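One structure is given below, encoded as structure tokens.
Every chain is numbered from 1, with letters handed out A, B, ... down the list of sequences. What you are looking at is a predicted structure, and each value in this text was computed from that prediction instead of being measured.
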There are 4 protein chains.
Amino acid sequence: MTDPAGPGGQAHALFARPVKPRSIKVHEAALDATRALLREGGLPAATIDAIAARSGVSKATLYKHWPSRTAVAAEAFGRDMADAVPLPDTGTTEGDLLAQVRLVSRFYASPEGTVFSQLLAASVTDEGGAAYFRAWFLASRRAAVRTLWERGLARGDVRADVDVDTATDLLFGPLVFRLMTGHLPLTDDAAEAVARAALHGLLEE
Amino acid sequence: MTDPAGPGGQAHALFARPVKPRSIKVHEAALDATRALLREGGLPAATIDAIAARSGVSKATLYKHWPSRTAVAAEAFGRDMADAVPLPDTGTTEGDLLAQVRLVSRFYASPEGTVFSQLLAASVTDEGGAAYFRAWFLASRRAAVRTLWERGLARGDVRADVDVDTATDLLFGPLVFRLMTGHLPLTDDAAEAVARAALHGLLEE
Amino acid sequence: MTDPAGPGGQAHALFARPVKPRSIKVHEAALDATRALLREGGLPAATIDAIAARSGVSKATLYKHWPSRTAVAAEAFGRDMADAVPLPDTGTTEGDLLAQVRLVSRFYASPEGTVFSQLLAASVTDEGGAAYFRAWFLASRRAAVRTLWERGLARGDVRADVDVDTATDLLFGPLVFRLMTGHLPLTDDAAEAVARAALHGLLEE
Amino acid sequence: MTDPAGPGGQAHALFARPVKPRSIKVHEAALDATRALLREGGLPAATIDAIAARSGVSKATLYKHWPSRTAVAAEAFGRDMADAVPLPDTGTTEGDLLAQVRLVSRFYASPEGTVFSQLLAASVTDEGGAAYFRAWFLASRRAAVRTLWERGLARGDVRADVDVDTATDLLFGPLVFRLMTGHLPLTDDAAEAVARAALHGLLEE
DNA sequence: GGATAATCGAGACGGTACGTCCAGTCTTTGG
DNA sequence: CCAAAGACTGGACGTACCGTCTCGATTATCC
């Protein structure tokens with residue numbers, strides 16, 4: 001109930017038994033409805049009642065499959081976005097990372113980015129939902145960056161003494177910061193400025 | 001009513017007339033109560049009803065002074081934190097920035113950091129509150145970094161082609177990212193790793 | 001403050017001093033605004049705030065002139081209706097009383113009748129307002145009937161052993177009953193049936 | 001939701017399905033609490049919040065069962081009064097009607113009569129509540145008079161050309177009028193005077 | 001003719017109740 | 001036996017209006 005397995009695994013309730021076809025149908029129906037609601041009105045529209053009404057899955061059943069409404073939304077959103085941002089391959093490490101930052105920035109600036117920020121916000125006060133969000137969305141994103149990073153490491157282009165997590169946070173944290181606070185817009189130029197600064201450092205050498 | 005003035009100014013209602021003492025008393029009482037509630041139970045505890053009950057200020061009046069509960073909390077929090085993080089002065093630009101990142105990281109990791117993340121989360125779905133949060137909290141924080149940054153510029157230590165906003169986001173965005181998602185802890189070591197990476201860049205020179 | 005003088009006298013506050021012209025202006029302005037509000041939205045529209053806003057008379061002043069909003073409305077309504085129903089003179093006592101009942105029935109069925117019922121309803125939980133309603137509206141209506149009744153007495157047409165109050169209540173109480181409960185419509189036919197029954201009695205002679 | 005069924009039927013929500021015991025329990029609990037509140041402080045005491053607090057039924061549920069607080073109170077009051085006024089049987093039609101008027105007058109003069117007037121007043125500005133009041137209280141009272149009236153008709157004691165509704169309004173309208181306006185007291189003598197006048201007519205024969 | 005004191009407009013304020021919304025739990029019934 | 005249906009509690013929301021209050025500005029009579 002509290003251990004989301006993520007894309008590579010299985011959602012918690014599914015292990016209880018050797019796969020009940022009805023459970024799967026129900027699970028998918030709920031996610032489909034949630035996806036639609038997220039598209040139409042963002043996270044605020046994806047209330048438990050709305051999901052139940054639209055999917056035909058009862059509220060009680062929803063709570064058997066997920067710990068909270070945020071969790072449902074996180075899983076639905078994560079699936080939707082699974083392959084939304086393809087890995088860039090520009091030939092150079094710097095180009096790849098720059099391209100990735102630009103893509104993610106555009107994603108954040110899109111309607112889906114709004115949902116992303118709403119889910120991130122909801123995760124703050126809903127640890128159960130946060131776990132699902134990490135498992136179904138963030139993990140795959142970080143994995144993508146890890147691939148790029150390791151490609152750069154193999155080429156000797158990036159500092160070997162920098163952790164991949166640190167690198168990821170440095171490249172995308174600033175975008176998230178802007179997205180959440182709204183103090184500055186998420187333009188391509190801004191994304192590029194941030195990426196360049198991250199890649200080359202803030203200090204004069 | 002919708003234009004939070006921030007620390008340097010006055011909250012909206014106070015301009016209407018040549019200062020109504022009652023308004024000021026009420027305003028302060030509400031903020032005091034809110035501060036206490038935030039300390040005790042974080043943002044979730046600072047409901048409008050609770051603020052009204054504890055402060056003796058009626059709900060209707062609260063809504064005349066602020067557009068939403070997030071806004072009250074943001075102003076209360078901003079005042080509380082006004083001078084919580086003193087500017088470091090280590091003698092070197094790198095030392096100052098490193099120290100500042102470490103201080104902010106510790107702040108985020110503290111109970112106040114939790115409130116910060118809750119306010120940031122609430123800002124996502126409450127534009128009125130977000131304005132207050134920016135005006136009463138974020139602005140002063142960014143101003144502090146700006147001071148350090150300009151000090152570094154004067155010394156010729158930092159890249160002149162990097163915007164101060166970009167620099168700020170790069171240094172603190174990663175911390176915010178970790179705070180919000182909880183995917184990684186906010187330790188001193190992590191803060192230092194992020195800061196060093198930001199200062200020296202991710203790429204091999 | 002609690003003793004409405006009625007049409008023949010003066011409202012309470014006016015006695016305090018040898019007539020302040022401003023008081024009179026204020027009084028009239030409030031009543032004018034209230035009349036307009038009653039016409040537009042009935043008693044529910046005549047809130048103290050609305051009266052104050054429309055008349056330019058402050059709320060505090062309103063409460064110096066009247067004990068409650070119902071009282072203001074009652075006085076405004078009473079003045080408006082002062083000469084709305086002229087005394088019939090058909091030549092016969094029965095004709096006069098029948099005509100009067102018909103006129104009053106039509107009045108109750110009109111928009112003003114709605115306001116009447118609202119005032120009557122408000123009087124139930126507002127004794128201060130009730131006094132004004134009786135003084136400024138009901139009294140003059142009862143006086144009119146008294147005139148007819150005494151005319152009938154002089155002619156020897158009506159039972160001398162029946163009190164004028166009893167007669168008044170008998171003729172108009174049924175109409176008020178219908179107006180308040182809405183269980184039956186207030187048509188001319190119904191009014192006539194009631195009046196005839198009242199005049200000739202329910203029992204076979 | 002808007003069609004009160006009255007004593008002979010069932011409140012709206014109960015038809016949805018073949019009897020939900022929970023609904024019934026909740027319904028009764030709300031009515032019990034309301035009855036108690038009415039007894040203690042009349043209609044003003046029977047606020048939705050108070051009913052919810054005392055009965056343990058949540059406000060949301062109350063609004064699912066009744067359209068307004070007046071409706072709850074009307075149903076509670078109607079049940080309470082269901083058999084409060086037994087039908088008189090004096091042997092003569094005139095005696096029965098006189099007795100009934102006297103009983104009703106005493107009822108109006110009692111604390112319950114105050115509640116009655118408050119409900120009637122509330123019905124004026126609350127059509128939803130009015131329907132409940134008519135269905136749960138007024139209807140049964142009118143039915144009682146109808147019985148007496150028909151008894152009189154069978155005996156040939158009462159005018160056959162007078163409608164039972166007209167007769168009812170004529171006998172009780174005056175009492176209601178006095179109750180609502182308070183211009184005259186509701187004594188036994190007054191009741192008798194009114195009843196005699198109604199039975200024998202106002203005009204000299 | 002200026003001082004004195006009531007009177008007023010403006011509107012902030014506490015208080016009470018409203019009616020609504022949603023989360024999450026629990027009960028009943030049908031397949 | 002599981003799931004749909006949906007009733008239910010609990011708690012917060014934001015609004016409306018009441019009647020009281022404080023504040024200055026404005027008279028208008030009296031000295």
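The side chain to side chain contact (heavy atoms under 4.5 Å, CB included) check on A:T61 picks up A:V26, A:V57, A:S58, A:H65, with sequence neighbours excluded. Residues passing the side chain to side chain donor-acceptor pair (under 3.5 Å) test with C:R54 are C:E40, sequence neighbours excluded. Considering only residues two or more places apart in sequence or on other chains, C:T70 meets the side chain to side chain donor-acceptor pair (under 3.5 Å) condition with C:D126. The ring-ring contact (aromatic ring centres under 6.0 Å, His included) test applied to D:F116 returns D:Y108, D:F133, D:F137, not counting sequence neighbours.
One N or O donor and one acceptor, one from the side chain of A:K59 and one from the base of E:dG24, sit under 3.5 Å apart.
The phosphate of E:dA12 (OP1 or OP2) has no side-chain N or O of B:H65 nearer than 4.0 angstrom. When the side-chain nitrogen and oxygen atoms of B:R69 are compared with OP1 and OP2 of F:dC13, one or more of them lie within a distance under 4.0 Å. For A:T61, a side-chain nitrogen or oxygen approaches OP1 or OP2 of F:dA4 to under 4.0 Å.
D:T47 places none of its side-chain heavy atoms less than 4.5 Å from the side chain of D:I51. The shortest distance between side-chain heavy atoms of D:S68 and D:Y63 does not fall below 4.5 Å.
Between A:R35 and A:E75 there is no salt bridge, since none of the side-chain N atoms of the basic residue sits less than 4.0 Å from a carboxylate O of the acidic one. C:E28 has a carboxylate O that lies under 4.0 Å from a charged side-chain N of C:R79, or vice versa, which qualifies the two as a salt bridge.
The nearest whole Å value for the distance from the CH2 atom in A:W66 to the C1' atom in E:dA23 is 17 Å. One atom, CG of D:D126, and another, P of E:dA17, lie 17 Å apart when rounded to the nearest Å. Straight-line distance from the CG atom of B:L62 to the P atom of E:dC13: 10 Å, rounded to whole Å. The distance from atom NZ of A:K64 to atom C1' of E:dT27 is 12 Å, rounded to the nearest whole Å.
The bend of the helix from E:dG1-F:dC31 to E:dG31-F:dC1, defined by the angle between the axes of its first five and last five pairs, stands at 10° to the nearest 10°.
Shown for residues 30-56 of chain B: residues whose heavy atoms fall under 4.0 angstrom of DNA chain E, namely B:G56.
Each of E:dG9, E:dC13, E:dA23 was ranked by its minimum atom distance to the side chain of A:Y63; first place goes to E:dA23.
The residue among A:V57 and C:S68 whose nearest nucleotide of DNA chain F lies closer to the 5′ end is A:V57. Projected onto DNA chain E by closest heavy-atom contact, C:A60 and B:A60 fall at different nucleotides, the more 5' of which corresponds to C:A60.
C:A45 and C:A50 make their closest contact through O-CB, 3.6 Å (heavy atoms, listed as atom of the first residue, atom of the second, distance).
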